[in-house]
Amino acid sequence: FQAEDGIRDSSTSRGLGDVYKRQNICCVGDDDQSIYSWRGADVTNLLNFEKNFDNVTIVRLEQNYRSTRNILSCASTLISKNKGRYGKELWSKNQIGEKITINGFWETKEESVFVTDKIENIIKDKIIPENLLLSSNIYYNDFKDIIPNKNIFINISGSDIIRDKNDYYVLEDNLRCPSGVSYVLENRAAMKKVYSTLYSKLNVKPVNNYPNLLLQALRYISPNKSFHPTCVLLSPGIYNSAYYEHTFLAKHMGIEIVEGNDLISDDGFIYMKTTKGLVQVDVIYRRIDDQYIDPNYFRKDSLLGVPGLVESYRKGNVSIANAIGCGIADDKATYSFVPEMIKYYLDQDPILKNIPTYLPTNNSDKDYILNNMHELVIKSVNESGGYGMLIGCNAKKEEINQFQRLINKSPRNYIAQPIISLSRHPTICDDAIEGRHIDLRPFVLYGEKIQVLQGGLTRVALKKNSLVVNSSQGGGTKDTCVLN
């Protein structure tokens, strides 16, 4: 028998007497989790267990694998004041961690202003140029005071990692609507059918738990305290190139896939139309860009979004993953300052390096870019899928001239990086096995805790000598294994 969070079953442990007679009962709980009484947990069931039964052995699991030692010390000191518990001393091998600071707030608005000011300090301290953010067409100043539920802005991320001859680098971050995880799951399913015994022999970690992990992360940010909040996947529809993934994830999470006209806003809440009437929606996993999500606030001509969604979001009546406005974090110009952000907020050096990045908004960088186009990769800051990009070594003179004009006209819209020869992997090409360039996109979920999928999307440039791995440009994918 197992019951978490102080035994949620409302029946007392005396009701388990018949089971106990057979000497095969094990009760698992945490007497410090009585905060879950609102959903049925009764900590007295656990505390009275050894009183109700004879010869009870108590085993304390005191090692913590998640928190820093400073956090555990503070938590243990506070919890020790509660006498209605067995008592335990939490410890960890983790680092000491940052010192704990205490800030008190009377209301959510006050807290959101504090968090916003904390974020903006990096601008006030001139670590990031203010104009870099304000000049971006995906920076929404009206949303800066909106703090999402649980303070989580980015629930799903998929950063692209590459390797050259010497080191690993983060190529870019995908923080708005990262796609491709369905390839990860389908590649694994196909490979296991063909090589069924190979995966068990190598003890490969599974990836098929991703939909469940994603659903847990979505439920965690629900403003509704129900144990089973209503989550939906908002899709642009069947003509979207990633629609298969939308249906795949919705099916495997067991949630509804909806389009904009399936949802309505009423009195500050979002409802889904069903054959049984309206159902309130608590969490929206959106696969629609900000500009199309609400025609009342963004693009007036959008038929994909939900009129009134932003109002409901502002009031905290619905959560959206990922949060509106988080695209500024994966703007390719913002990307160049990520190492500085890590150092500023965490006082740590990044483990993975950034690729050196030139910003045409700096005159010296701009001159260098314009005079060395053939040695650089030029990227539009807000394009994806391999669009809006020039690889100088493969470009024709007319293409270089065109991008020079574009950079001169709108320097904020472009960045430049040195050409890096991506690592290669053996690939079946027609009747031969040849090397093809690859990159890796690991998927990270942020819910109650941060979890990295124990696999990833390896993208392959199927065209010989091509460095473009995007599927929209003819790229393919490979199953990626993490061994246990």
Side-chain angles (χ1 to χ4, degrees), residues 38-39 107-109 111-112 115-116 138 140-157 175-178 211 213-237 246 249-250 253-274 276-300 302-329 445-448:
W38 57 269
R39 66 186 189 198
E107 56 184 26
T108 304
K109 179 66 176 178
E111 180 187 7
S112 64
V115 174
T116 303
I138 53 173
Y140 311 122
N141 191 61
D142 292 349
F143 286 82
K144 71 176 186 178
D145 292 332
I146 300 179
I147 305 300
N149 195 32
K150 304 293 174 61
N151 291 339
I152 300 175
F153 290 84
I154 298 168
N155 304 89
I156 308 104
S157 65
L175 307 176
R176 279 172 275 188
C177 304
L213 296 177
L214 174 57
L215 181 59
Q216 290 177 19
L218 295 176
R219 285 176 171 173
Y220 180 72
I221 62 170
S222 169
N224 184 349
K225 291 185 177 181
S226 166
F227 190 61
H228 291 290
T230 300
C231 305
V232 299
L233 189 153
L234 177 59
S235 169
H246 303 168
L249 289 175
M253 284 191 287
I255 66 175
E256 298 293 334
I257 181 172
V258 298
E259 298 180 25
N261 56 12
D262 295 320
L263 303 177
I264 63 170
S265 172
D266 183 35
D267 196 27
F269 292 88
I270 298 296
Y271 296 91
M272 173 174 53
K273 304 173 188 175
T274 75
K276 297 181 180 180
L278 298 178
V279 175
Q280 183 179 332
V281 174
D282 303 305
V283 182
I284 296 176
Y285 173 33
R286 53 82 170 251
R287 298 297 295 259
I288 294 178
D289 287 340
D290 290 341
Q291 57 184 322
Y292 299 106
I293 205 165
D294 184 348
N296 289 354
Y297 191 88
F298 294 102
R299 286 185 56 157
K300 307 298 182 185
S302 172
L303 301 177
L304 304 176
V306 184
L309 176 56
V310 168
E311 177 192 1
S312 302
Y313 178 63
R314 282 185 181 278
K315 291 181 177 180
N317 294 331
V318 66
S319 294
I320 299 176
N322 288 335
I324 295 176
C326 67
I328 186 62
L445 298 174
Y446 188 3
E448 187 171 7

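One N or O on the side chain of Ser319 and one on the backbone of Ile221 form a donor-acceptor pair closer than 3.5 Å. The backbone N or O of Ile324 lies less than 3.5 Å from no partner atom in the side chain of Asp290, so there is not a single donor-acceptor pair. A donor-acceptor contact shorter than 3.5 Å links the side chain of Lys300 to the backbone of Asn296. Remark: side-chain polar atoms of Arg286 are paired, donor with acceptor, to backbone N or O of Ala323 under 3.5 angstrom. The backbone N or O of Leu175 sits less than 3.5 Å from a side-chain atom of Asn322, completing a donor-acceptor pair. The backbone N or O of Phe269 sits nowhere less than 3.5 Å from a side-chain atom of Lys315 that would complete a donor-acceptor pair. Using modelled atom types, one side-chain atom of Asp294 and one backbone atom of Val310 make a donor-acceptor pair closer than 3.5 Å. The closest donor-acceptor contact from the side chain of Asn317 to the backbone of Ser312 lies at 3.5 Å or more, if one exists at all. Remark: the backbone N or O of Cys231 is not paired with any side-chain donor or acceptor of Asp282 at under 3.5 angstrom.
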Report the C-alpha distance between Thr230 and Gln280 in whole Å, list the side-chain angles of each, state the deciding distance to 0.1 Å, and finish with yes or no for side-chain contact (heavy atoms from CB on, under 4.5 Å).
-> CA-CA 7 Å; Thr230 300; Gln280 183 179 332; over 6 Å; no

Val283 and Ile255: side-chain contact (heavy atoms from CB on, under 4.5 Å), yes or no, with the steps?
-> CA-CA 11 Å; Val283 182; Ile255 66 175; over 6 Å; no

Could you walk me through whether Cys177 and Asp289 pass the side-chain contact (heavy atoms from CB on, under 4.5 Å) check?
-> CA-CA 7 Å; Cys177 304; Asp289 287 340; 4.3 Å; yes

Determine, stepwise, if the pair Arg287 / Leu249 fulfils side-chain contact (heavy atoms from CB on, under 4.5 Å).
-> CA-CA 11 Å; Arg287 298 297 295 259; Leu249 289 175; 3.8 Å; yes

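The two residues Ala329 and Ile154 come nearest to each other via the heavy atoms CB-CD1, 4.5 Å. Heavy atoms only, all atoms of each residue included: Leu218 and Tyr285 are closest at CD1-CB, 3.9 Å. Contact between Val232 and Met272 at its shortest, heavy atoms only, is CG1-SD, 3.8 Å. Summarising the geometry of Leu304 relative to Leu234, their closest heavy-atom pair is O-CD1, 4.4 Å, with the distance given to 0.1 Å.
Rounding to the nearest 0.5 Å places CZ of Phe298 at 12.0 Å from CD1 of Ile288.
Below 30°, between 30° and 60°, or above 60°: for Tyr297 and Phe143 the angle between ring planes is above 60°, a perpendicular geometry.
Leu278 CG: more than 12 foreign heavy atoms inside a 6.0 Å radius.
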